[in-house]
Peer 1: 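Input: one structure, supplied below.
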Amino acid sequence: MTIAGSRRLVRFVIVGAGAAGLLFALSYFFVRLGWPPFIASMVAYAISFAAAYTAQRNWTFQSGQDHRRTLPRYFVLQAGCAITSGVTAHLTVSLFGASPFVMAVVTTIIASAVSFVLSSQWVFAARP
């Protein structure tokens, strides 16, 4: 991996961790305000998704691509990563008898790797 690629990977991890932290904080905050948990987590997720998309597009990948191109792709990618996470978690436990900790580690690594590769090669990639 090149130095630029390594920097991009570090920025990707920072944004992902920040988005996860934001999701946690907002979900907690909204429920503490008395919102129903479902609504609280959905609103928190939408805000976190928007923040992560913006940061990944503008800082991590420094993409100049139009939002009409990148936003739908980012949405599809994240939906795919959610499905990948579910399948990975299921297979890790059912086929390999992994503990919840190992399952979470493997699922996080796989989903993050898929997200990074497809973000850099498809979602935010410069047009030829």
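Just so we're clear, the structure is a prediction, and the values are computed from it rather than from any experiment.
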Peer 1: Taking distance alone, no hydrogens or angles, what donor-acceptor pairs closer than 3.5 Å link side-chain atoms of residues 94-113 to residues at least two apart or in another chain?
Peer 2:
unit_1 : atom_1 : unit_2 : atom_2 : d
S94    : OG     : H90    : O      : 2.8
S99    : OG     : V102   : N      : 3.2
T107   : OG1    : M103   : O      : 2.8
T108   : OG1    : A104   : O      : 2.8
S112   : OG     : T108   : O      : 2.7

Peer 1: Between OH of Y74 and OH of Y53, what distance do you get to the nearest 0.5 Å?
Peer 2: 9.5 Å
Peer 1: Look at the rings of F61 and F124 and say which category their plane angle falls in: under 30° parallel, 30 to 60° tilted, over 60° perpendicular.
Peer 2: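 Aromatic pair F61/F124 classed parallel.
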Peer 1: Could you measure the distance from the CZ atom of R57 to the OG1 atom of T70? Nearest 0.5 Å is fine.
Peer 2: 5.0 Å
Peer 1: Specify the closest pair of heavy atoms between S120 and A125, including all atoms of both residues, with the distance to one decimal.
Peer 2: O-CB, 3.4 Å
Peer 1: Same cluster or not: F116 versus V76, using hydrophobic residues (I, L, V, M, F, W, Y) connected whenever any side-chain heavy atoms lie under 4.5 Å apart?
Peer 2: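 Hydrophobic grouping puts F116 with V76.
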Peer 1: Could you give the distance from CD (Q78) to CD (Q56), rounded to the nearest 0.5 Å?
Peer 2: 8.0 Å
Peer 1: Within this structure, what is the CG-CH2 distance for the pair L77 and W122, rounded to the nearest 0.5 Å?
Peer 2: 7.0 Å
Peer 1: For T54 and A51, indicate whether the former's side chain and the latter's backbone hold a donor-acceptor pair under 3.5 Å.
Peer 2: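 Not a single qualifying donor-acceptor pair exists.
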Peer 1: Nearest heavy-atom pair of C81 and V114: which atoms, and what distance?
Peer 2: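 That closest heavy-atom pairing would be SG-CG1, 4.1 Å.
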Peer 1: Once side chain to side chain contact (heavy atoms under 4.5 Å, CB included) is applied, do any residues pair with Q62, and if so which ones, sequence neighbours excluded?
Peer 2: R11
Peer 1: Could you pull out all donor-acceptor pairs under 3.5 Å where a side-chain atom in residues 31-49 meets a protein atom, sequence neighbours excluded?
Peer 2:
unit_1 : atom_1 : unit_2 : atom_2 : d
S41    : OG     : P37    : O      : 3.1
S41    : OG     : F38    : O      : 3.1
S48    : OG     : L23    : N      : 3.2
S48    : OG     : A44    : O      : 2.9

Peer 1: Looking only at heavy atoms, what is the nearest atom pair of V15 and A52, with distance?
Peer 2: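 Result for this residue pair: CG1-O, 3.9 Å.
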Peer 1: Step through the shown structure and confirm whether more than 12 heavy atoms of other residues, nucleotides or ligands are within 6.0 Å of CZ on R7.
Peer 2: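 Count not over threshold, so no.
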